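None of the values given here were measured: they were computed from a predicted structure. Chain identifiers are assigned alphabetically (A, B, ...) following the order of the sequence lines, protein sequences preceding nucleic acid strands; residue numbering begins at 1 within each chain.
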Protein chains: 2
Amino acid sequence: MALSAALLAVAGELTQRIHEGVVARGFEGIRPAHGFAFVRLAPDGATVTELAAHLGVTKQAASQLVEEIVRKGYAERRPHPGDARARLVVLTGQGWACTRAAEEAAAEVVGTWAALLGEGEVRALSEQLGRIAPYGPIRPAW
Amino acid sequence: MALSAALLAVAGELTQRIHEGVVARGFEGIRPAHGFAFVRLAPDGATVTELAAHLGVTKQAASQLVEEIVRKGYAERRPHPGDARARLVVLTGQGWACTRAAEEAAAEVVGTWAALLGEGEVRALSEQLGRIAPYGPIRPAW
DNA sequence: GTTATTAGTCAAGCTCCTTGACCATCTGAC
DNA sequence: GTCAGATGGTCAAGGAGCTTGACTAATAAC
C-alpha cells in the first residue's frame, strides 16, 4: 500500500474512532469539526477570527460554529479584555469534559496501534510525524 | 505535539498539496473526493454501489459524483457484463491522466518528507502506517 | 478629528449530502 | 415458468454547512 493512501486511511480511521469514542462517552450533537475548534479554544480561548484562521474557513462560518457550540453548552462568549469589538470564546466545564473525552478516545486508538507495532515504533511514528507536521490551519478530516 | 494531532495535520497537508498539484497540472473542476473515487475506479472500474461503499456515502451521492466526473470527461458509463441493471463506471484517458498527476503530486510531497527525515525513515513510516491502516472505506480528508 | 482597518453578525445563495420514492433487473422458491 | 423479494440505479425534495456580500461598532493611523 502506498504511503499516501495508508496515511489518509489511518487519518480517516482515527477521526472516526475519536468521534465514536466521544459519542460513546455521552457527548452528542458534536461533529469532528467541533473537536478541531476545541483544540484552539482550550488553552486560553480565542476570538472568532482567530478560530476561523485555525480552521481555514471564513469568519462567518466560524461564527456559526461558535453559535452552535455555545447553544449546546460547550463554550461561552466573554468580553475581550482590551478590545470591545472582540469577544473571547472559552470552553465551559462541559467543553473541557468533552475535550478530555476526545483525548481519552484518541489514546485508546493509539493503544490499539501500540498493540500492533509495539511502544517503540509508536514513539518513532510520533516523532517522525511531528517533524513533518505543518504549522498552518488544521482542517477537519472529513 | 501529540501523535493524533500530528497525524491529522500531516494528512490534511497531504490532501491539500495533492489537490494543488493536480490543479497545477491542468486538471480543473476536481475535488479531493473525486480523487478518492478515482482510486476505486482505476483498476477495472466499479459500479455506483461499489463506489458508494468505498467512499462511505449513499449510492445517491455516489451517483451524483459519477454524473459529475462523466460530464467533465474523467469517466464513462459502460454496460455491465452479466448484470443489465448495473453499469460499470471506468476512467477515460483524461481520468487516467488525472490519476497519474495525483500520484506525481503525492510523490512530490513524500519527497519533501524524505528531505526532512531521510529515505530510511520514510520507508519505516510507510511500513508502520501500512500495518495499522484499516481496510474499510476511504473517506475524503476534509 | 477624520479616515481606514478590523471584529463580528445578518442575509442570501450554493454545494454536496441525505432521506424517500420509484422503476428495471436479478435471484430463489415453488 | 412464474412470482415475491432483493438489488442496481436514478429522480426529487430537503437540510447542513460553507461561501460571498453588506453592514454596524470599535479600534488604529495619521
Side-chain angles (χ1 to χ4, degrees), chain A residues 12 15-16 19 23 28-38 40-41 44-72 74-90 137-142, chain B residues 12 15-16 19 23 28-38 40-41 44-72 74-90 137-142:
Chain A
T15 303
Q16 188 176 352
H19 181 239
V23 170
E28 302 208 348
I30 282 291
R31 289 173 291 113
H34 295 143
F36 290 100
F38 287 6
R40 181 64 182 83
L41 298 179
D44 300 297
T47 66
V48 164
T49 300
E50 290 165 349
L51 189 56
H54 175 76
L55 295 176
V57 299
T58 60
K59 59 181 181 177
Q60 291 91 326
S63 182
Q64 288 176 4
L65 188 147
V66 166
E67 164 60 26
E68 187 179 353
I69 61 178
V70 165
R71 177 165 39 82
K72 291 178 177 168
Y74 293 101
E76 59 187 13
R77 297 187 182 91
R78 291 185 184 168
H80 192 287
D83 190 340
R85 295 171 303 178
R87 299 211 270 174
L88 199 59
V89 181
V90 298
I138 296 183
R139 296 169 176 279
W142 92 82
Chain B
T15 304
Q16 188 175 354
H19 182 238
V23 170
E28 303 210 347
I30 282 290
R31 291 171 290 113
H34 296 142
F36 290 100
F38 287 7
R40 181 63 183 83
L41 298 180
D44 299 297
T47 65
V48 164
T49 299
E50 289 166 351
L51 189 56
H54 176 75
L55 295 176
V57 298
T58 61
K59 59 183 182 177
Q60 292 91 326
S63 182
Q64 289 176 4
L65 189 146
V66 167
E67 165 59 27
E68 186 180 353
I69 61 178
V70 165
R71 178 165 39 80
K72 291 177 177 168
Y74 292 101
E76 60 187 11
R77 296 188 183 92
R78 292 185 183 169
H80 191 288
D83 191 339
R85 295 171 304 177
R87 300 213 268 174
L88 199 58
V89 181
V90 298
I138 296 184
R139 297 170 176 278
W142 94 83

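- The closest donor-acceptor contact from the side chain of His19(B) to the backbone of Gly35(B) lies at 3.5 Å or more, if one exists at all.
- For the pair Arg77(B) CZ and dG8(D) C1', the computed distance is 13 Å after rounding to whole Å.
- Of the possible donor and acceptor atoms, none in the side chain of His80(B) sits under 3.5 Å from a partner among the backbone N and O of Ala46(B).
- Taking side-chain N and O atoms only, Thr49(A) has a distance below 4.0 Å to OP1 or OP2 of dG8(C).
- Gln64(A) contributes no side-chain N or O that, together with a main-chain N or O of Ala61(A), makes up a donor-acceptor pair within less than 3.5 Å.
- Checked for salt-bridge contact, Glu67(A) and Arg77(A) meet the test: a charged N lies under 4.0 Å from a carboxylate O.
- Computed from coordinates, the Glu67(B) CD to dC17(C) P distance equals 14 Å when rounded to whole Å.
- Nearer the 5' end of DNA chain D, as judged by each residue's closest nucleotide, is the contact made by Glu50(B), out of Ala62(A) and Glu50(B).
- Two residues, Ser63(A) and Arg85(B), neighbour DNA chain C, and the one matched to the more 5' nucleotide by heavy-atom proximity is Ser63(A).
- Considering only side-chain atoms of Lys59(A), the nucleotide from dC26(C), dT9(C), dT27(D) that sits closest is dT9(C).
- Put simply, the side chain of His34(B) never gets that close to the backbone of Glu68(B): no donor and acceptor are under 3.5 Å apart.
- Using a 4.0 Å heavy-atom criterion, one finds that Gln60(B) contacts the bases of the nucleic acid, with or without backbone contacts as well.
- Within the 3.5 Å criterion, the main-chain N or O of Gly29(B) finds a donor-acceptor partner in the side chain of Lys72(B).
- The shortest side-chain heavy-atom distance between Val48(B) and Arg87(B) does not fall under the 4.5 Å cut-off.
- The C1' atoms of five pairs define one axis at each end of the helix from dG1(C)-dC30(D) to dC30(C)-dG1(D), and these two axes lie 30° apart (to 10°).
- Rounded to whole Å, atom C1' of dT7(D) lies 12 Å from atom NE2 of His80(B).
- Looking at heavy-atom distances under 4.0 Å, Ala61(B) makes contact with a base.
- The side chain of Asp83(A) lies closest to dA26(D) when the candidates are dT20(D), dA26(D), dT10(D).
- OP1 or OP2 of dG8(C) lies within a sub-4.0 Å distance of a side-chain N or O belonging to Thr47(A).
- With rounding to whole Å, His54(A) atom NE2 is found 19 Å from dA7(C) atom C1'.
- Comparing Glu68(B) and Val48(A) by the nucleotide of DNA chain C that holds the closest heavy atom to each, the one mapping nearer the 5' end is Val48(A).
- The side chain of Val57(A) sits closest to dT19(D) out of dG17(D), dT19(D), dG9(D).
- Counting to the nearest Å, the C1' atom of dC16(C) and the CZ atom of Arg71(B) are 13 Å from each other.
- In this structure, CG of Leu51(B) is placed 19 Å from P of dT7(D), rounded to the nearest angstrom.
- At a threshold of 4.0 angstrom between heavy atoms, the contacts of Thr58(B) include nucleobase atoms, whether or not backbone atoms are also involved.
- Comparing dC17(C), dT25(C), dA26(D) by their nearest atom to the side chain of Gln64(B) picks out dC17(C).
- For the atom pair OG1 (Thr15(A)) and CZ (Arg31(A)), the distance works out to 13.5 Å, reported to the nearest 0.5 Å.
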